[in-house]
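Have a look at the structure below, then the notes.
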Amino acid sequence: MAQLGSVRVRFAPSPTGELHIGGARTALFNYLFARANKGTFILRIDDTDLERSRDDYTEALLEAMRWLGLDWDEGPYYQSRHLEDYRSEANRLLEEGKAYRCFCTPEELAEGREQARKAGKPYLYPGTCRELPPEKIEARLQEGHSHVLRLRIPVGGETVVDDLIRSQVRFSNRDLDDFIIIKSNGSPTYNFASVVDDEALKITDVIRAEEHLSNTPRQQICLEALGYKKPRYAHVPMILAPDRSKLSKRHGATSVEEFRSDGYLPEALINYMALLGWSPGEEEIIPLSKMITLFSLERVNKTAAIYDTTKLTWMNGQYLRMITRERLAAEALPFYEDAGLLQTPLEGEAAEYYQRVAAAVHDRVRTLAEMAAASTYFYRQVDSYDDKGVKKHFRKEGSAALLRRAADTLRTLEPFALDTIEAAYRSLSEELGVSTGRLIHPTRLAISGRTMGPGLFEIIVLLGRETTVERLEKAALWIEQEQG
RNA sequence: GGCCCCUUCGUCUAAUCGGUGAGGACACCAGCCUUUCAAGCUGGCAGCAGGGGUUCAAAUCCCCUAGGGGUCACCA
């Protein structure tokens, strides 16, 4: 059925900041909808605001989209390159009397707004220039007054937005005013450019954030005036910050770029975002390919969601354990480099060592950044011991001696391998008449400085005989000195 | 303030056309497993914003109240 009028959707961000989680999810829903319906996913850059748009934001936006894996089929299109089209469409409206020139100055308008505010009344453009006689317009033009173009809103009646998620939403035209479609500098406003572009791109379904719902009646009136075919609309709920307010910079990590540099995997972020406002049922971990088969706008809910990194972090841990060792090592590498643990490019033994460290550590972390943080002692000396660990495992009578015995055992052990080390530890503990744990815990603290981490024998093998023995003795010395 | 949208555990959510002990996930707590920490497994805690209707029966339909969000720019 969706065969004929094949679906075309667009994600149309404005390059005035980083791509945040709300925008990214809107992009994702557009993407899923397009893929689920075998339609076309278009990327358009809404950069009509010359003042605030920046090229570096555009580039970052594209990069974020690529990183997330939201590949688009067409575009990116840039609104700033179609300025002429908007002007000619606006002129059409002007000629047909559906739009008119307005010479009111920003100051005059601001004053009107101020008065309305003081009086506690809603402000609507009073229509000062709506019925200006032609000769007056001509005169103002001659005098060189700058002007904008405003759309003539029908005086009565109502405009009904048919929304796929919220069904019918009615707006009384009385509450709408003749809004500006072309600014005095000749560039279009968002509501106008958006309508013209959606038509030019033959967009069938406009899927965007709920904040646009209130603007939709204006756009509908506008596209009716232009004689365009109306697209279907779907306004997805907003994503709110933990304090229920609109997302902004002060809320910590909210941009895709930040999540990336905090060590999240794109598929985890995608999965997490998808579940914010959409649910296929009881499943939680859903790969993108599966999402596509399950996605429908009918299952998108109406309620704004508060994002919560706790669940995202859990999910990231799930994905971290699912990906291949090769991929994991590759993804984590920059984090090790940033932490100053190693330098790329990695070659030979260093590369192999890194792979093994990554494999040893990855089971117990939830982000790539945590992974690097959990690996420091594989690359650096142990310069401090965990306080609680010291209390529990070092301060006990005979700990130093225990460590020296362990060091002695390892020094001559042949071969030096996982199973032989473990066997040696078990027989040593038996020989000394202590539990294996009594030997294992201080050893871990001595060679890693921590009380937690990968299996002890795994660490020992990785560190090697020399380093292990060295650290054991250093710890023994430290204990003796501490005890005076 | 006008207009618009929304309201199920702390958070994300499920509950086909009204009948459920209101389900799942994260987090939290407890236990198991275990050389530690995770992971995993088992169990627990916890919710229909409030008030009126309609109905044999309401989380579900209607109304009101409250709360939250959005929008009212020569921003997008």
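We name chains A, B, ... by the order of the sequence lines, and we start the count at 1 in each one. Keep in mind that this is a model prediction, so the values were computed, not measured.
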Subject >> Identity of whatever pairs with B:rC33 - Watson-Crick or G-U, under 3.5 angstrom >> reply: none

Subject >> Length of the line joining A:Asp47:CG and B:rA76:P, which is rounded to integer Å >> reply: 10 Å

Original post:
Distance between the P atoms of B:rG51 and B:rA66, in whole angstroms?
Top reply: 15 Å

Original post:
Under 4.0 angstrom, heavy atoms only, what part of the nucleic acid is A:Arg113 near: base, sugar-phosphate, or nothing?
Top reply: sugar-phosphate

Subject >> Options B:rG2, B:rC74, B:rA39, nucleotide nearest the side-chain atoms of A:Gln318 >> reply: B:rA39

Subject >> Phosphate contact (B:rC3 OP1 or OP2) by A:Arg218 side-chain N/O below 4.0 Å >> reply: no

**OP:** For B:rG24 and B:rC45, measure between their C1' atoms and round to the nearest Å.
**Re:** 16 Å

Original post:
Is A:Arg244 near enough to B:rC6 that one of its side-chain N or O atoms lies under 4.0 angstrom from OP1 or OP2?
Top reply: no

Original post:
Using 4.0 Å as the upper bound for N to carboxylate O, is an ion pair formed by A:Arg426 and A:Glu422?
Top reply: yes

**OP:** Indicate, yes or no, whether a donor-acceptor pair under 3.5 Å links the base of B:rC74 to the side chain of A:Ser184.
**Re:** yes

Subject >> P atoms of B:rG69 and B:rA57, separation to the nearest Å >> reply: 38 Å

Original post:
Touch check for A:Pro454, heavy atoms < 4.0 angstrom, all strands: base, sugar-phosphate only, or nothing?
Top reply: base

Original post:
Base, sugar-phosphate alone, or nothing: which one does A:Gly317 contact when heavy atoms must sit under 4.0 Å apart?
Top reply: nothing

Original post:
OP1, OP2 of B:rG69 versus side-chain N and O of A:Lys302: anything below 4.0 Å?
Top reply: no

Original post:
Does B:rA73 pair with anything, Watson-Crick or G-U wobble, both distances under 3.5 Å, and if so, with which nucleotide?
Top reply: none

Original post:
Is any side-chain N of the basic residue among A:Arg140 and A:Glu143 closer than 4.0 Å to the acidic one's carboxylate O?
Top reply: no

**OP:** Classify the nucleic acid contact of A:Ser214 as base, sugar-phosphate or nothing, counting any heavy atom under 4.0 Å across all strands shown.
**Re:** base

Original post:
Between the side-chain atoms of A:Glu211 and the base atoms of B:rG69, is any donor-acceptor pair under 3.5 Å?
Top reply: no

**OP:** For B:rU13, take OP1 and OP2 only and decide whether either is under 4.0 Å from a side-chain N or O of A:Asn301.
**Re:** yes

Original post:
Does a side-chain N or O from A:Lys183 land closer than 4.0 Å to OP1 or OP2 of B:rC75, or not?
Top reply: yes

**OP:** Could you check which of B:rU7, B:rU35, B:rU11 has an atom nearest any side-chain atom of A:Thr303?
**Re:** B:rU7

Subject >> Short side-chain N/O contact to B:rU71 OP1/OP2 from A:Gln219, under 4.0 Å >> reply: no

Original post:
Atom CG of A:Leu240 to atom C1' of B:rC12: distance rounded to whole Å?
Top reply: 13 Å

**OP:** Counting Watson-Crick and G-U wobble pairs only, both distances under 3.5 Å, name the nucleotide matched with B:rA38, or none.
**Re:** none

**OP:** Looking at every strand, decide which applies to A:Arg321 at a 4.0 Å heavy-atom threshold: base, sugar-phosphate, or nothing.
**Re:** sugar-phosphate

**OP:** Could you let me know what B:rA22 is paired to, Watson-Crick or G-U wobble, both distances under 3.5 Å, or none if it's on its own?
**Re:** none

Subject >> A:Glu458/A:Arg364 salt bridge by N-O under 4.0 Å criterion >> reply: no

**OP:** Under 4.0 Å between any heavy atoms, over every strand shown, what does A:His212 touch: base, sugar-phosphate, or nothing? Just pick one.
**Re:** base

Subject >> Test: A:Asp177 and A:Arg150 ion pair at under 4.0 Å >> reply: no

Original post:
Base, sugar-phosphate, or nothing for A:Val169, non-hydrogen atoms under 4.0 angstrom?
Top reply: sugar-phosphate

**OP:** Look at all strands and tell whether A:Arg299 reaches a base, only sugar-phosphate, or nothing, counting heavy atoms closer than 4.0 Å.
**Re:** sugar-phosphate

Original post:
Between the side-chain atoms of A:Arg444 and the base atoms of B:rU35, is any donor-acceptor pair under 3.5 Å?
Top reply: yes

Original post:
Hey, does the side chain of A:Arg208 reach the backbone of A:Thr26 with a donor-acceptor pair shorter than 3.5 angstrom?
Top reply: no

**OP:** Answer yes or no: side-chain N or O of A:Lys311 and base N or O of B:rC12 forming a donor-acceptor pair under 3.5 Å.
**Re:** yes

Subject >> Nearest to side-chain heavy atoms of A:Leu456, which nucleotide of B:rU11, B:rG2, B:rU35 >> reply: B:rU35

Original post:
A:Thr48 side chain N/O closer than 4.0 Å to the phosphate oxygens (OP1, OP2) of B:rA76?
Top reply: yes

**OP:** For A:Asp46, report the nucleic acid contact type (base, sugar-phosphate, nothing); a contact means any heavy atom under 4.0 Å.
**Re:** sugar-phosphate

**OP:** Tell me what A:Arg170 touches on the nucleic acid: a base, only sugar-phosphate, or nothing, going by heavy atoms under 4.0 Å.
**Re:** sugar-phosphate

Original post:
Quick one: is B:rU36 close enough that its OP1 or OP2 comes under 4.0 Å of any side-chain N or O from A:Arg450?
Top reply: no

